[in-house]
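Scope of the values below: all heavy atoms of this structure, side chains included, with no hydrogens, waters or symmetry mates.
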Amino acid sequence: MAPAVRAAQAQAQPQEPSADRRLSTLVRHLLPSSPRRTAEADTSATLESFPTMASQQGSSVFATLAQAPEDPILGVTVAYNKDPSPVKVNLGVGAYRTEEGKPLVLNVVRRAEQMLINNPSRVKEYLPITGLAEFNKLSAKLIFGADSPAIQENRVATVQCLSGTGSLRVGGEFLARHYHERTIYIPQPTWGNHPKVFTLSGLTVKSYRYYDPATRGLDFKGLLEDLSSAPLGSIVLLHACAHNPTGVDPTIDQWEQIRQLMRSKSLLPFFDSAYQGFASGSLDKDAQSVRMFVADGGELLMAQSYAKNMGLYGERVGALSIVCGSADVAVKVESQLKLVIRPMYSNPPLHGASIVATILKDSEMFNEWTLELKAMADRIISMRQQLFDALKSRGTPGDWSHIIKQIGMFTFTGLNSEQVAFMRQEYHIYMTSDGRISMAGLSMRTVPHLADAIHAAVTQLK
């Protein structure tokens, strides 16, 4: 092509507007309507008057914000990470660790992920608002039992949520919109996020007695008294197993009394199941309390998490199931759950749910998972026994049998905040200020160090 022709074509092409012109146009669109400016000379003045533009370096419309405190649980890890001590031990966050103190990815999870990666037909499309249908169906069967009458009668509405926390939040907002009672009773104590989740959901949070510091066991009398005095139809949060933070669970006989009382007063159960199979090593045993309530034909809510029992902490995979009085009601409930979820996070992530579904639907992989799950539970049970034996051998004052009586990831030691601070300062052992420790963070190597610290704290600080 001749140079003259190329030059003529170049002149004919529209010129890209300058950065200043583009910025000036954007400002005119953002600002309230006013007489049109005829030049770009006023752009800098306009920008200076725009309310979210900094007038001087370092200024901000958020400058008056107060510094928020660290989360009381996650803040323990922040402090731990800053400690240079070689003997430091983190017993704060509830995440499983190996005997070597390392995070664990289950072998069956790695297998499932590899299968997903190797499948050329997999795509990254959006899931429906309710999540992965196969995951939802399998999750309901896992917690309620494959032979559950509620499942067989299509009375269960299940939606995939963002792990246990997201399941609780969706359930809370659903109840705030559609249930006639706006008060939820939670155990005292309970997981620190429970009151925040339900308050922000629009519910009024009250508590019922649960833990007896004197016996370091269940305050069953207080529990029954408080639920008996709750208004008819109130919502009651129940930990399905391995109560967090105390590790204290009702017996089966006590669960039956709780069930009878709640049904007699039309109290609505809202179960939180974060540790199915992780507490005792048996998926069925850890679901007994829930299945007792389902078997009577009544309604309930169930929040499930796969963070602990599949080690999928970072995948944020869980489910909310609502057991309804009829199949027709379940369809309506699901339709309303969609309206809660859509403006909250639109739809859940695909990967974690696909891992869970891959494992649950394959009998060989399911069996492998149950073996790995039991191995984790057994190691935690072993840590309980070793800590109890170490305190006993040191002659540590007090009765420490609650350590082996409690169940699940956590032990409520009975140590007070002053003793906890002493152990952090002198022994570099990190736990929440209420004395809760994660048994999964212990090992054969660190048990003696913890026992020494507890012995010193108890003997030096009464």
Item to check | Under the ring pair (Phe, Tyr, Trp, His ring centres under 6.0 Å) test, residues paired with F293 that sit two or more places apart | outcome: F271

Checklist outcome for this item: Sorted by chain and number, sequence neighbours left out, side-chain contact (heavy atoms from CB on, under 4.5 Å) with A295 holds for none

So do [Y] and [X] actually touch side chain to side chain, heavy atoms under 4.5 Å?
X    : Y    : value
S321 : F144 : yes
I143 : M302 : yes
N309 : D286 : no
L162 : S167 : no
F422 : Q425 : no

Next on the checklist: Before you tell me yes or no, could you show the steps for L391 and I403 under side-chain contact (heavy atoms from CB on, under 4.5 Å), namely the whole-Å CA-CA distance, both residues' side-chain angles and the distance that decides it to 0.1 Å?
Outcome noted: CA-CA 10 Å; L391 292 171; I403 292 175; 3.7 Å; yes

Item to check | K206 vs I184, side-chain contact (heavy atoms from CB on, under 4.5 Å): CA-CA, chis, key distance, verdict | outcome: CA-CA 6 Å; K206 294 185 178 180; I184 184 168; over 6 Å; no

Checklist entry - Does R110 have any salt bridge (Lys or Arg N to Asp or Glu O under 4.0 Å) partners at least two apart in sequence or in another chain, and if so, which? => result none

Item to check | Full working for side-chain contact (heavy atoms from CB on, under 4.5 Å) between M409 and F278 | outcome: CA-CA 8 Å; M409 180 170 280; F278 197 87; 3.4 Å; yes

Checklist entry - Under the side chain to side chain donor-acceptor pair (under 3.5 Å) criterion, do Q257 and D253 qualify, and how do the steps go? => result CA-CA 7 Å; Q257 293 182 60; D253 288 342; over 6 Å; no

Shortest non-hydrogen contact from [X] to [Y]?
X    : Y    : answer
A457 : M423 : CB-CG, 3.9 Å
G233 : Y179 : O-OH, 2.6 Å
P349 : L127 : O-CD1, 3.6 Å
P72  : T432 : O-CG2, 4.0 Å
V294 : A150 : CG1-CB, 3.8 Å
N347 : I129 : CB-CA, 4.0 Å

Nearest 0.5 angstrom please: [X] [atom1] to [Y] [atom2], how far?
X    : Y    : atom1 : atom2 : value
L301 : L175 : CG    : CG    : 5.0 Å
Q276 : L373 : CD    : CG    : 9.0 Å
K196 : W191 : NZ    : CH2   : 9.0 Å

Checklist entry - Does anything in residues 372-381 pair up under side chain to side chain donor-acceptor pair (under 3.5 Å), and if so which pairs, sequence neighbours excluded? => result Y96-R379, E99-R379, K374-D378

So that I can tick it off, tell me whether [Y] and [X] are bridged by a salt bridge, with the cut-off set at under 4.0 angstrom between side-chain N and carboxylate O.
X    : Y    : value
E153 : R155 : yes
D452 : R394 : yes
K137 : E134 : no
K88  : D83  : no

Answer yes or no: are there more than 12 heavy-atom neighbours, outside [X] itself, under 6.0 Å from its atom [atom1]?
X    : atom1 : value
R342 : CZ    : no
R182 : CZ    : yes
E364 : CD    : yes
K405 : NZ    : no
M344 : CE    : yes

Does the [X] side chain pair with the main chain of [Y], one donor and one acceptor, at a distance under 3.5 Å?
X    : Y    : value
Q406 : V248 : no
T459 : H455 : yes
D362 : T358 : no
N136 : T130 : yes
Q254 : T251 : yes
Q160 : L132 : yes
T413 : G435 : yes
S234 : A230 : no
S305 : S163 : no
T190 : I186 : no

Looking only at the side chains, is there a donor atom on one of [X] and [Y] sitting less than 3.5 Å from an acceptor on the other?
X    : Y    : result
Q114 : N118 : yes
S417 : S433 : no
S229 : E225 : no
R169 : T165 : no
Q288 : D284 : no
R97  : N90  : no
T411 : R384 : yes

Item to check | All pairs passing ring pair (Phe, Tyr, Trp, His ring centres under 6.0 Å) where residues 210-242 contributes a residue, at least two apart | outcome: H194-H239, Y210-H243, Y211-F412, H239-H243

Item to check | R424 charged N/C atom sitting above Y430 aromatic ring, 6.0 Å / 45° | outcome: no

Checklist entry - Honestly, is R111 close enough over W369, meaning NZ or CZ under 6.0 Å from the six-membered ring centre and within 45° of the axis? => result no

Next on the checklist: side chain to side chain donor-acceptor pair (under 3.5 Å) for Q260 and S264? Distances and angles first, verdict last.
Outcome noted: CA-CA 6 Å; Q260 291 180 15; S264 71; over 6 Å; no

Item to check | Intermediate values then yes/no, side-chain contact (heavy atoms from CB on, under 4.5 Å), L218 and L223 | outcome: CA-CA 8 Å; L218 182 67; L223 181 154; 4.3 Å; yes

Extract all donor-acceptor atom pairs below 3.5 Å that involve side chains of residues 325-337 and protein atoms in other chains or at least two apart in sequence.
residue, atom, partner, partner atom, Å
S326, OG, V329, N, 3.2
S335, OG, K332, O, 2.5
Q336, OE1, H178, NE2, 3.1

Checklist entry - Looking at F135 versus Y306, is the centre-to-centre ring distance below 6.0 Å? => result yes

Next on the checklist: Checking F198 against Y185 for the ring-ring contact (aromatic ring centres under 6.0 Å, His included) test, could you report, in this order, the C-alpha distance in whole Å, the side-chain angles of both residues, the deciding distance, and whether it holds?
Outcome noted: CA-CA 10 Å; F198 289 122; Y185 285 79; over 10 Å; no

